[in-house]
Amino acid sequence: MRRFRAAASLAGDPRSPHFHFLRHCRSFCRSSSLPDADDAAAAAAAAPADGLESQVLVEGSGSSRTAILNRPSVLNAFSTAMGAKLQKLYKNWEDDPDIGFVMMKGSGRAFCAGGDIVSLYHLINRGKIEDCKDFFRTIYSFIYFVGTYLKPHVALLNGITMGGGAGVSIPGTFRVATDKTVFATPETLIGFHPDAGASFYLSHLPGHLGEYLGLTGEKLTGAEMIACGLATHYTLDAKLPLIEEQLGKLVTDDPSVIESMLEKYGDLVCPDKMSVVHKIELVDKCFGHETVEEIIDALESQTAGLKDSWCNSALRRLKEASPLSLKVSLRSVREGRFQTLDQCLAREYRMSLQGISKQISHDFCEGVRARVVDKDLAPKWDPPSLDKVSEDMVGQYFSPLSELEPDLDLPTKVREAFA
């Protein structure tokens, strides 16, 4: 069976954020209300632990297999056990010559709300840092596996798709968004940084849209994901069962055959006139500046001159976020523009370990406490303001946790990363 080489240049590849930029426009069917990013994390706070074996289910026979993220009570938040099981399944499917392609979807109203930050919060407070390291190592390694997968990969992004949920899907070949898809990278609001490969895909979005999304944590709809290239295809939620049925009938390992089927049964869509994708020039004007302080100054100048509600919203989100996280995240996205997927994941691994170690700041635990655990929405950031964040603090975030701390070990010699 012909093997599909996933290691490819972004330009001209279906997985590329540029490949489908503003490719299609038609009527836009938008949900009347979208869940807030906080809802995604908050669901984890009171939910019981899921059975380890049932966290990932498998469907399919013949030429395809579907992995189902199955923690609906916590919006399919990613756990270490899920990552380990997915890695094993995907490896077996890749080695099976009778399986042509692989799909991934979520149970309930979410694809995946990201990493299980509540579990991480409790592990950190119990001093179980090695378990936290294992979590990041397992998830990031699986993301690299998806990004270098040798068979076509189809992610059905129906519902909430945030943080790590985007991380395990965007590096794959095809991403199908719907009218119920909600995308965001809201990590700065909990004192963290966009991770799980986010510095790679955000940095490759048009203009400085990646900086805007990474710093503010604002949401995108499925139509907006198509417009900026985060998704490759779009369909109405009501038609998704039909698309799954048609995918299940395919006997192929040819990405062009899958592409044709998704095109045939998909829908064309255009974001509404208030969408951020129609404000790219303004985004670039504000978020193209060198520093977070300059970005805020630009937004304030625009607000004073234009009375623009978008500028006001962006300013409000920036002022709610951790000052340290804002500066770290801006540098991370900017570095991602000049790095491969594996380099971004390795750097983000260092950053994540620094973020949970409390050696620089306790902002991650404080952010999770304020937004998800105690829900007082009043985090006490340390440092409390941008002017108190030193260059040394930001620089340390990008350094190993210690001289003896190993970096993320990815199989780059046997699985080539794409640039």
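Start at 1 with the first residue, then count along the sequence. None of these values were measured; they are calculated from a predicted model. For the numbers below, each heavy atom of this structure counts, side chains included, while hydrogens, waters and symmetry mates do not.
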**Student:** Taking atom types as modelled, is there a side-chain donor on Glu300 or Thr303 under 3.5 Å from an acceptor on the other?
**Tutor:** no
**Student:** Would Glu211 and Arg337 pass as an ion pair if we require N to O under 4.0 Å?
**Tutor:** yes
**Student:** Within 45 degrees of the axis of the six-membered ring of Phe398 and under 6.0 Å from its centre: does Arg331 put its NZ or CZ there?
**Tutor:** yes
**Student:** Does a side chain donor of either Ser352 or Tyr140 reach within less than 3.5 Å of an acceptor in the other side chain?
**Tutor:** yes
**Student:** Do Thr181 and Tyr234 make a side-chain contact, defined as non-hydrogen atoms from C-beta onward lying under 4.5 Å apart?
**Tutor:** no
**Student:** Identify the two heavy atoms, one from Cys228 and one from Leu220, that lie closest to each other, and give their separation to 0.1 Å.
**Tutor:** SG-CD1, 4.1 Å
**Student:** With no hydrogens and no angle check, do the side chains of Asp342 and Thr412 hold a donor and an acceptor under 3.5 Å apart?
**Tutor:** no
**Student:** State whether a side-chain donor-acceptor pair under 3.5 Å links Trp310 with Tyr212.
**Tutor:** yes
**Student:** Could you check whether any side-chain heavy atom of Ile258 comes within less than 4.5 Å of a side-chain heavy atom of Thr252, counting everything from C-beta outward?
**Tutor:** yes
**Student:** Quick one: does Thr232's side chain have a donor or acceptor within less than 3.5 Å of a partner on Arg175's backbone?
**Tutor:** yes
**Student:** Have Gln87 and Thr138 got a donor and an acceptor in their side chains that come within less than 3.5 Å?
**Tutor:** no
**Student:** Where is the tightest heavy-atom contact between Val394 and Lys327, given as atom of each residue plus distance?
**Tutor:** CG2-CB, 3.9 Å
**Student:** Counting only heavy atoms not in Lys279, do more than 12 fall under 6.0 Å of its NZ?
**Tutor:** yes
**Student:** Assess whether ring pair (Phe, Tyr, Trp, His ring centres under 6.0 Å) is satisfied between Tyr349 and Phe136, documenting all intermediate values.
**Tutor:** CA-CA 7 Å; Tyr349 180 72; Phe136 288 112; 7.3 Å; no
**Student:** Can Ser199 and Arg347 be counted as having a side-chain donor-acceptor contact under 3.5 angstrom?
**Tutor:** yes
**Student:** How far apart are the closest heavy atoms of Gln302 and Cys311, and which atoms are they?
**Tutor:** CB-SG, 3.6 Å
**Student:** Asp382 and Ser361: side-chain donor and acceptor closer than 3.5 Å?
**Tutor:** no
**Student:** For the pair Glu320 and Arg371, evaluate salt bridge (charged side-chain N to carboxylate O under 4.0 Å, His left out) and give the outcome as yes or no after the intermediate values.
**Tutor:** CA-CA 11 Å; Glu320 290 174 356; Arg371 287 196 170 267; 3.5 Å; yes
**Student:** Just checking, is any N or O donor in the side chain of Arg415 or Tyr144 under 3.5 Å from an acceptor N or O on the other one?
**Tutor:** no
**Student:** Go through the side-chain N and O atoms of Asn158 and Asp237 and say whether any donor and acceptor fall under 3.5 Å apart.
**Tutor:** yes
**Student:** Give the minimum heavy-atom separation between Gly100 and Pro152, together with the two atoms involved.
**Tutor:** O-CD, 3.4 Å
**Student:** Within the 4.5 Å heavy-atom criterion, are Met104 and Val154 side-chain neighbours or not?
**Tutor:** no
**Student:** Grab the two heavy atoms, one from Asp363 and one from Lys380, that are nearest each other, plus how far apart they are.
**Tutor:** OD1-O, 4.5 Å
**Student:** Side chains of Asn70 and Ser107: is there a donor and an acceptor less than 3.5 Å apart?
**Tutor:** yes
**Student:** Taking the cut-offs as 6.0 angstrom to the six-membered ring centre and 45 degrees off its axis, would you call Arg369 and Tyr121 a cation-pi pair?
**Tutor:** no
**Student:** Does any non-hydrogen side-chain atom of Phe78 lie less than 4.5 Å from one of Asp116?
**Tutor:** no
**Student:** May I ask you to decide if the ring planes of Tyr90 and Trp93 are parallel, tilted or perpendicular, using 30° and 60° as cut-offs?
**Tutor:** tilted
**Student:** Are side-chain heavy atoms of Phe183 and Leu157 found at a separation under 4.5 Å?
**Tutor:** no
**Student:** Quiz question: by atom type and distance under 3.5 Å, do the side chains of Ser313 and Glu218 form a donor-acceptor pair?
**Tutor:** yes
**Student:** Could you walk me through whether Asn125 and Cys365 satisfy the side chain to side chain contact (heavy atoms under 4.5 Å, CB included) test, starting with their C-alpha distance in whole Å, then the side-chain angles of each, then the deciding distance to 0.1 Å, before giving a yes or no?
**Tutor:** CA-CA 8 Å; Asn125 286 337; Cys365 282; 4.1 Å; yes
**Student:** Between His233 and Phe174, does the ring centroid distance fall short of 6.0 Å?
**Tutor:** yes
**Student:** Using a 4.5 Å cut-off on heavy atoms from C-beta on, say whether the side chain of Ser329 contacts that of Glu187.
**Tutor:** no
